[in-house]
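What you see below is based on every heavy atom in this structure, not just the backbone, and it leaves out hydrogens, waters and symmetry mates. Values in this document were obtained by computation on a predicted structure and should not be read as measured data. So that the names make sense, note that chain A is the first sequence line, chain B the second, and so on, each numbered from 1.
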Amino acid sequence: MTALRHLLRDPVAALGLALVLFAIVVALFAPWLAPYPEDAFESRLLQRLKPPSAEFPFGTDNLGRDILSRVILGTRSAVVVAVSVVLAAMLIGVPVGLWAGWREGWVSETLMRVTDVFLAVPQLILALALGQLMAPGLTTAMVALALTYWPFFARTVHAETRRLRGALFVDALAGIGASTPRILLLHVLPNAAPAILVRATIGMGFTILTAAILGFLGVGAAPPSPDWGLAVAEARQHLPEAWWFPTFPGLAILLLVLGFNLLGDGLRDVADPRLRRGR
Amino acid sequence: MARYILRRILLALPALFGLVLLTFVLTRVIPADPAATLAGDAATPAQLAEIRARYGLDRPLWEQAVTHMRQVLSGDLGSSIFSGRPVMEEIVFRLPATLELTFVALLLATGLGVPLGLLAALNHNGPIDHLARLISVGGLAIASFWLAIMLQLIFAMDLDVLPLRGRIDVALGAPPTVTGFFLVDSLLAGRLDLLVDTLRHLALPAVTLCLPGLASIARFTRSGVLETLQKDFVLYAQAAGYGRVRLAAIYVLRNAVTVTVAQIGLLFGALISGAVAVEAIFDWPGLGTYAVQAILSADYKALLAVTLVVGVVYAVVNVLVDVAQALIDPRVAEQVK
Amino acid sequence: MRLRAALLAALLFATPAAAQQRPLVWGDTLPATLDPHAVFDVPSQFILLNIYDGLYRYQGNPPQLIPWLAERHSVSEDGLTWEITLRDGVNFHDGSPMTAEDVVYSFRRLLAMNRAPAAAFTPVLKAENVSAPDARTVRFVLSTPYAPFLAAMPLVAIVNPRVLTANEKDSDRGAEWLAANSAGSGAYRMDSATYRPRTALDLVRFPEHFRGWADNPKPIDQVRSRPVMETSTRVLALLRGEIDATDSYLPTDQVERVERNARTRVAKDESMRVFILRMNNRKPPFDNKDARLCFAHAFNYPGFNEIILKGLVIRNPGPNPNNLWGNPEGMAPYSFDLAKAREHCDKARAAGAPLGREIEIHVQSELEQTVQAAQMFQADLRRVGVSLKIVPSTWPNITGSTGRPETTPDMWVHWVSAYFIDPENWIGQMYDSRFHGTWKASSWYQNQQVDALLAKARTSLDQSERARLYAEATKLVVADSPDIWVYNTVNLRGLTRRVQGYSFSPVGSGGELRTLSLAD
């Protein structure tokens with residue numbers, strides 16, 4: 001709660017939180033909020049590429065679909081992609097980091113070297129290659145992103161675990177006979193949680209952005225999904241005439257990623273109080 | 001120090017070895033059959049089999065992997081099965097284009113990011129700080145391909161002040177190749193007009209590409225300055241009557257370099273990633289466009305090579321960064337020992 | 001401060017010193033390799049037509065097969081032995097004269113490499129059966145009669161063996177070298193030093209070209225090929241005059257804009273390139289004719305052709321392009337009629353066709369039109385209770401999977417371009433079951449009657465009989481509705497107005513530079 005209060009006292013972070021919460025609400029109620037929910041898959045050729053008007057505040061796209069509706073409907077896929085990719089990456093990265101940080105020996109060493117291998121290639125290139133290899137599509141893109149993002153969690157958790165392993169209270173716990181899983185799960189993990197949380201929040205923004213690039217390059221979401229990156233990609237042929245076509249999905253990406261990044265930034269400040277003391 | 005550097009280089013080797021293996025496994029499970037594309041129209045199944053045999057595509061996977069490993073270790077990345085040319089040759093053509101773009105973007109990111117971070121730190125929690133954070137975090141949030149298209153529309157089409165695409169005007173032609181870096185080559189050739197034209201062509205893609213870097217550098221400069229301002233010696237100095245601005249200036253002069261250097265290694269990956277989309281839109285003949293083409297045509301040799309070269313460059317940059325850091329601040333090397 | 005402002009101004013506004021005329025800048029795609037025997041696709045025709053010469057060449061629209069390096073030909077009565085007499089006085093770029101031996105070398109190289117352009121010949125021609133009885137005669141002895149033999153001649157570039165043997169490596173017939181260099185006799189020669197694969201190719205006119213330049217008083221001396229990857233960038237570059245020509249598939253939504261611009265125009269030419277939605281006839285529900293008819297009636301042809309593509313295409317009722325010979329007269333295309341579609345779907349369901357399953361349609365995600373067609377189709381199929389799933393893919397991914405019926409997608413979308421002008425290029429290779437396993441025959445259609453007709457048409461040397469056979473086969477195929485034929489392409493190439501003398505032919509898509517000139 002104190003953390004939340006700190007967060008809210010920081011206007012920029014509060015803005016981030018507001019953006020993220022707003023997106024989550026929109027994602028949850030998308031079908032009810034969208035003026036034309038069936039435009040997720042419908043095509044209305046006679047009203048294609050209409051500029052913004054009272055009827056279509058964001059204009060219509062190349063198949064005559066309402067862009068506002070599609071931006072609203074696309075929020076859900078963006079949030080789902082971000083959350084599931086980050087969760088999957090955490091599921092791999094956190095245990096790897098915990099194990100490798102706690103134990104010495106060749107297994108830990110190998111795990112961290114594997115992490116290095118993954119970190120040695122820029123995520124986008126790796127995700128692109130992976131995405132293309134396993135029949136392109138949103139699921140593939142998500143798997144590819146999770147497979148390229150887990151090393152960041154592994155690194156973060158590894159560092160935290162290494163730091164805590166030498167800590168006095170951990171020695172004490174081991175001394176009174178606490179089991180390793182118990183120490184790791186109940187004591188080390190909670191202490192690493194703030195770092196993980198910050199990583200995760202930043203990761204959400206990063207994921208949305210990379211998924212959009214993948215969609216843009218044709219390795220992400222499949223049409224007719226109202227995916228934002230895909231919409232920008234589809235809009236390319238109609239530029240600069242239909243300026244509204246890429247603009248609104250692009251802004252949606254910007255706002256949501258901004259929200260996650262601002263929130264992450266705020267959380268980082270909360271987690272690292274030294275920077276807050278100031279003045 | 002020498003031991004530290006050696007150790008750092010040796011540590012990079014297993015990662016690179018793993019990378020070779022990883023990329024191979026990845027690219028050889030492609031469902032696309034390069035043989036089918038090669039044989040083209042109306043190829044008979046017998047023709048396909050022959051092509052598979054010729055390129056060793058019919059051998060067991062492990063055997064292909066061993067062959068691949070041997071080739072890579074002997075410095076031979078093979079020939080693209082589409083262009084028929086050595087992959088390395090095309091990479092040598094294209095790497096300088098990407099590096100030049102990335103380098104200029106990095107320069108811009110540092111030149112703008114450090115002052116922004118400094119300004120934010122000096123106004124900690126004030127309106128300028130929030131604004132600067134908004135800008136810097138926003139820089140990380142903009143989809144590069146979207147920004148690239150928008151900049152093209154505004155500066156190349158509407159205002160018509162900057163070129164739209166490519167590295168240099170087609171009518172002028174590239175400077176004679178010495179290094180492959182047009183900025184350097186045009187100077188070596190003594191052609192100022194080419195230099196200016198290259199800079200004009202660099203402007204939009206470099207600005208697009210620099211934003212994420214700018215954001216990170218600003219953020220790290222800000223926290224670095226803040227941290228220093230809270231150090232005891234600064235508090236004493238402040239008590240003794242030194243102005244905050246002057247202290248910060250001293251700090252920045254000394255530490256901006258360290259902060260940036262530390263960031264370059266991390267940023268480089270982001271820059272290369274960004275380059276993929278940016279190069280495609282600005283028609284930049286670099287590795288990013290090559291990677292996309294390789295992927296679209298299932299040219300696995302090319303894809304392998306790009307991934308590998310990017311990995312090597314990335315590793316080299318990171319080793320250099322670590323070494324540079326150790327040189328600037330010997331405590332880093334001590335810690336590792 | 002003032003200095004900095006001046007520098008900034010110089011950076012922003014400095015215009016490149018362009019005193020003399022800008023060279024022609026060609027913005028169309030370059031092929032992956034320059035070796036004319038290694039690939040055959042639309043981009044490679046640019047190399048074939050400009051750097052090389054063939055024995056025959058297609059020119060004009062409708063395309064005429066013109067003797068090019070050849071002067072005349074004769075064919076034996078059994079249709080097996082073809083003799084082609086070469087024209088005199090043809091020189092390669094290195095100045096050496098072209099002989100019949102060089103033609104033999106070129107064909108043997110093509111057949112030995114066995115890559116895309118060889119596919120039209122390998123079933124009927126062995127390398128040892130190409131010979132040169134004298135310096136100006138080339139003799140081909142086919143293993144079976146093959147009517148499209150001459151029609152396929154323009155596929156083959158004649159290369160200079162002297163240059164190639166000098167650059168041979170591990171007896172590769174100069175393959176590695178030729179991928180980035182040239183050994184031709186064509187109207188333009190390339191500058192190997194500035195060549196960058198798929199990025200930059202500089203061409204210089206070859207004044208001694210055998211055709212002479214009398215028909216073009218102001219030929220272009222310098223051509224720079226600079227492909228632009230992104231469609232939006234390509235159009236903008238044309239509008240700004242950074243390139244003089246786009247590819248010939250300008251998005252229809254951009255046509256108006258390019259035409260409105262004072263310095264650009266759009267060349268619109270009916271081509272021979274059929275847009276098709278494939279159905280895998282071996283996979284249920286498409287093994288059921290009613291199911292296929294249901295799909296054929298559910299595609300909104302007028303909506304796609306007239307509204308999305310703005311009427312810049314021509315409805316094509318069957319596999320052969322409208323403007324080719326061998327089509328039955330008065331063939332009626334399938335109509336967009338959801339009531340009929342529903343009727344057929346109900347019949348198919350009653351017969352047990354699994355129309356309830358999700359049907360996958362694979363699209364080439366970098367080709368926007370394939371994606372739009374699939375999305376529109378999806379919306380309409382939903383109305384007849386069929387659910388279609390769009391799977392983004394790429395050309396190599398799809399064609400890599402068409403080797404077996406089980407791996408071939410339920411449906412996919414593509415064009416069949418004019419590689420050579422003969423029904424064999426379309427209906428012949430698409431619906432004769434002997435081509436099963438190739439991407440062209442990926443609907444896995446099988447009809448013995450059609451096979452027999454096509455086999456006969458392939459070997460007959462009587463043009464009117466061939467036309468009759470193809471018309472008959474087309475009727476049968478269309479009645480079976482194995483695929484959905486949508487339109488025949490009108491090629492749309494954006495050009496700057498200074499480009500004069502543009503002449504289009506369905507083979508090469510107007511990429512022949514020899515006739516072009518630049519207005520001041």
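The residue among C:M376, C:Q378, C:R382, C:E366 with the most heavy atom pairs within less than 4.5 Å of chain A is C:R382. Note on C:D380, C:T231, C:I307: by heavy-atom pairs under 4.5 Å with chain A, the leading option is C:I307.
Using a 4.5 Å cut-off between heavy atoms, A:E234 contacts chain C through both its backbone and its side chain. The contact between C:L236 and chain A is made entirely by side chain atoms (from C-beta outward), counting heavy-atom distances below 4.5 Å. Heavy atoms of A:R44 lying under 4.5 Å from chain C are absent altogether. Of the atoms belonging to A:R236, heavy atoms from both backbone and side chain fall under 4.5 Å from chain C. Residue contact with chain A, scored on non-hydrogen atoms closer than 4.5 Å, involves the side chain of C:E230 exclusively.
The shortest side-chain heavy-atom distance between A:E241 and C:V235 does not fall under the 4.5 Å cut-off. Taking 4.5 Å as the limit, every side-chain heavy atom of A:N62 sits out of range of all side-chain heavy atoms of C:Q375.
Annotation: residues 76-92 of chain A contacts chain C through no residue [non-hydrogen atoms, separation under 4.5 Å].
Nearest heavy-atom pair, A:S43 versus C:R383, reported as atom, atom and distance to 0.1 Å: O-NH2, 4.4 Å. Summarising the geometry of C:V371 relative to A:P223, their closest heavy-atom pair is CG1-CG, 3.2 Å, with the distance given to 0.1 Å. Here the closest non-hydrogen pair linking A:Q237 and C:Q254 is O-NE2, 2.6 Å. Heavy atoms only, all atoms of each residue included: A:A222 and C:I390 are closest at CB-O, 3.5 Å.
For C:E256, the CD atom sits in a loose shell: 12 or fewer heavy atoms of surrounding residues, nucleotides or ligands are nearer than 6.0 Å. Within 6.0 Å of NZ in C:K283 there are more than 12 heavy atoms belonging to other residues, nucleotides or ligands.
Side chain of C:Q372 to main chain of A:L63: no donor-acceptor pair is present (N/O by atom type, distance under 3.5 Å, no hydrogens or angles).
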